[in-house]
Amino acid sequence: MATVDRHVEILPGPTELTRAAADRIVTAAGEAVRATDRFVIALSGGSTPRALFALLATDPYRGSIDWSRVHIFFGDERSVPPDDPASNYRMAREALLDHVPIPSHQVHRIHGEQSPAAAAAAAYERELRATFDTSEGPPRVTPGGRFDLVLLGMGDNGHTASLFPGLQAVRERQRWTVAEYVAEVSMWRVTLTPVVIDAAAEVMFLVKGAGKASMLHRVLEGPRDPDRLPAQIVAPHDGRLVWLVDAAAASELRPKEARP
Ligand code: 6PG
């Protein structure tokens with residue numbers, strides 16, 4: 001496996017982190033639209049990205065993206081209805097989607113209300129395959145055949161998307177999306193798998209806060225153990241891997257000169 005071109009950027013605080021992420025998204029969107037006439041992004045869930053979504057929904061960021069060319073997917077979803085407080089889609093809709101002129105058919109949510117969750121996962125994979133014009137096999141690692149950008153967060157247990165420690169989804173090598181019951185959070189989840197994440201042109205982790213410092217050190221500088229630290233499984237085949245972290249989350253990382 002080719003070595004991954006990993007870039008870790010430490011920002012002073014949450015405000016600078018959010019701004020740096022928004023700047024990167026504007027740049028990536030412009031590059032993708034110029035190259036393929038669209039920008040296909042997967043949004044992360046949880047709480048960290050809310051401030052980023054709100055910033056993207058305000059000028060100058062709002063006016064710097066051609067929303068008519070944007071397709072929004074989700075990295076994962078809880079098995080709840082779209083208006084549930086736990087819904088990643090609801091958070092993105094409230095903070096971003098209700099405030100930008102993106103055509104509704106270009107917002108591709110995971111149907112968390114669908115039961116069984118495996119049916120929602122299968123339907124989502126069909127939607128992804130149609131978007132990337134790849135009816136079977138792995139995503140094409142070419143412009144237009146893959147995500148231009150996948151946003152990810154990292155839990156304090158090392159999970160990312162809904163790839164939780166010990167789940168089979170972490171090692172999935174065929175399917176692009178899977179559903180799995182996550183005992184740790186007592187709910188079914190639907191998640192993108194490394195198959196489609198690693199085909200992306202760019203993967204950007206967003207991690208903030210002292211509460212993530214210990215785990216960030218383990219994930220970035222500890223032994224490779226993706227079954228227990230799923231965030232380590234992410235390794236784009238031919239794309240950028242960027243970690244945008246604030247100083248509090250980076251407080252246990254080795255000094256820059258000591259990092260490989
Ligand atoms: C989810 C997210 C998840 C999230 C991490 C970090 O559905 O919960 O997709 O992977 O990114 O749990 O969440 P916070 O940003 O809230 O710490």
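Annotation for Ala247 and Pro12: closest pair CB-O, 3.5 Å, computed over non-hydrogen atoms. Across Arg50 and Ala95, no two heavy atoms sit closer than the pair O-CB, 4.0 Å. Between His99 and Glu94 the shortest heavy-atom distance is NE2-O, 2.7 Å. Nearest heavy-atom pair, Asp198 versus Ala235, reported as atom, atom and distance to 0.1 Å: OD1-N, 2.8 Å. Nearest heavy-atom pair, Glu180 versus Gln168, reported as atom, atom and distance to 0.1 Å: OE2-N, 2.9 Å. Nearest heavy-atom pair across Leu253 and Glu221 is CA-OE1, 3.4 Å.
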Which is it for Ile65 and Leu56 under the side-chain contact (heavy atoms from CB on, under 4.5 Å) test, yes or no, and what are the steps along the way? CA-CA 9 Å; Ile65 294 175; Leu56 290 172; 4.2 Å; yes
Could you walk me through whether Ser162 and Asp76 pass side chain to side chain donor-acceptor pair (under 3.5 Å), step by step? CA-CA 6 Å; Ser162 281; Asp76 68 321; 2.6 Å; yes
Does the side-chain contact (heavy atoms from CB on, under 4.5 Å) test come out yes or no for Thr177 and Thr191, once each step is laid out? CA-CA 6 Å; Thr177 59; Thr191 187; over 6 Å; no
Could you walk me through whether Arg24 and Glu31 satisfy the salt bridge (Lys or Arg N to Asp or Glu O under 4.0 Å) test, starting with their C-alpha distance in whole Å, then the side-chain angles of each, then the deciding distance to 0.1 Å, before giving a yes or no? CA-CA 11 Å; Arg24 184 66 213 139; Glu31 290 169 351; 3.8 Å; yes
Go through Asp225 and Arg228 one step at a time and tell me if the salt bridge (Lys or Arg N to Asp or Glu O under 4.0 Å) criterion holds. CA-CA 6 Å; Asp225 184 3; Arg228 291 168 61 197; 3.2 Å; yes
Checking side-chain contact (heavy atoms from CB on, under 4.5 Å) for the pair Glu202/Val150: CA distance, chi angles, key distance, verdict? CA-CA 6 Å; Glu202 179 166 350; Val150 175; over 6 Å; no
Decide yes or no on side-chain contact (heavy atoms from CB on, under 4.5 Å) for Arg218 and Gln232, but give the supporting numbers first. CA-CA 9 Å; Arg218 290 179 61 194; Gln232 289 184 335; over 6 Å; no
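Two rings, from Phe74 and Tyr124, have their centers 6.0 Å or more apart.
Clustering ILVMFWY residues whenever any of their side-chain heavy atoms sit less than 4.5 angstrom apart, transitively, puts Val141 in a cluster other than the one holding Val234. Criterion: ILVMFWY side-chain heavy atoms under 4.5 Å apart, direct or through other members. Under it, Leu216 and Leu206 are part of a common hydrophobic cluster. Tracing side-chain contacts under 4.5 Å through hydrophobic residues (I, L, V, M, F, W, Y), one never reaches Val178 starting from Trp176; they form parts of separate clusters. Under the 4.5 Å side-chain heavy-atom criterion for grouping Ile, Leu, Val, Met, Phe, Trp and Tyr, Val80 is not connected to Leu43 through any hydrophobic cluster.
Ring geometry for Phe147 versus Phe73: interplanar angle over 60°, hence perpendicular rather than tilted (30 to 60°).
Counting only heavy atoms from C-beta outward, the side chains of Leu149 and Met204 approach each other to under 4.5 Å. In this structure the side chain of Arg171 reaches within 4.5 angstrom of the side chain of Pro226, judged on heavy atoms. Between Leu128 and Leu192 there is a side-chain heavy-atom pair separated by less than 4.5 Å. Between Val107 and Tyr89, the closest side-chain pair of non-hydrogen atoms falls below 4.5 Å. Side-chain contact between Thr48 and Val207 is absent, with no heavy atoms from C-beta onward closer than 4.5 Å. The shortest side-chain heavy-atom distance between Met154 and Lys212 falls under the 4.5 Å cut-off. In this structure, Arg173 and Pro194 have side chains that are in contact, with non-hydrogen atoms separated by less than 4.5 Å. Contact check for Ile102 versus Ile72: side-chain heavy atoms found under the 4.5 Å cut-off.
The backbone N or O of Ala117 lies less than 3.5 Å from no partner atom in the side chain of Gln114, so there is not a single donor-acceptor pair. The backbone N or O of Val70 sits nowhere less than 3.5 Å from a side-chain atom of Arg38 that would complete a donor-acceptor pair. Between the side chain of Arg129 and the main chain of Gly137, a donor-acceptor pair closer than 3.5 Å is present. Checking side-chain atoms of Thr36 against main-chain N and O of Val33 turns up no donor-acceptor pair under 3.5 Å. Judged purely by atom type and a 3.5 angstrom limit, Arg6 uses its side chain to pair as donor or acceptor with the backbone of Leu220. Using modelled atom types, no side-chain atom of Trp188 and backbone atom of Ala118 make a donor-acceptor pair closer than 3.5 Å. With hydrogens and angles disregarded, no donor-acceptor distance shorter than 3.5 Å links the side chain of Asp148 to the backbone of Ala32. The closest donor-acceptor contact from the side chain of Arg146 to the backbone of Ala199 lies under 3.5 Å. Between the side chain of Thr134 and the main chain of Phe132, a donor-acceptor pair closer than 3.5 Å is present. Judged purely by atom type and a 3.5 angstrom limit, Glu77 has no side-chain atom pairing as donor or acceptor with the backbone of Ile110.
For Arg69 and Phe39, the positive end is not near the middle of the six-membered ring at less than 6.0 Å and at most 45° from its axis.
Within the model, atoms CG of Leu152 and CG of Leu241 stand 9.0 Å from one another, a figure rounded to the nearest 0.5 Å. One distance of note links OG of Ser79 with CD of Glu113; it measures 9.5 Å at 0.5 Å rounding. Separation of atoms CG (Asp59) and OG (Ser64) is listed at 7.5 Å; rounding is to 0.5 Å. Atom CG of residue Leu167 and atom CG of residue Asp227 lie 10.0 Å apart, to the nearest 0.5 angstrom. Interatomic distance, CD of Glu127 versus NE2 of His108, reported as 5.5 Å (0.5 Å rounding). In this structure, CD on Gln106 lies 12.0 Å from CG on Leu97, to the nearest 0.5 angstrom.
A donor-acceptor contact under 3.5 angstrom links the side chains of Glu184 and Asn157, judged on distance only.
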Just list the side-chain donor-acceptor pairs under 3.5 Å for residues 13-23, sequence neighbours left out, or say none.
| from | atom 1 | to | atom 2 | distance (Å) |
| --- | --- | --- | --- | --- |
| Glu16 | OE1 | Gly13 | N | 3.0 |
| Thr18 | OG1 | Pro14 | O | 2.9 |
| Asp23 | OD1 | Tyr61 | OH | 2.7 |

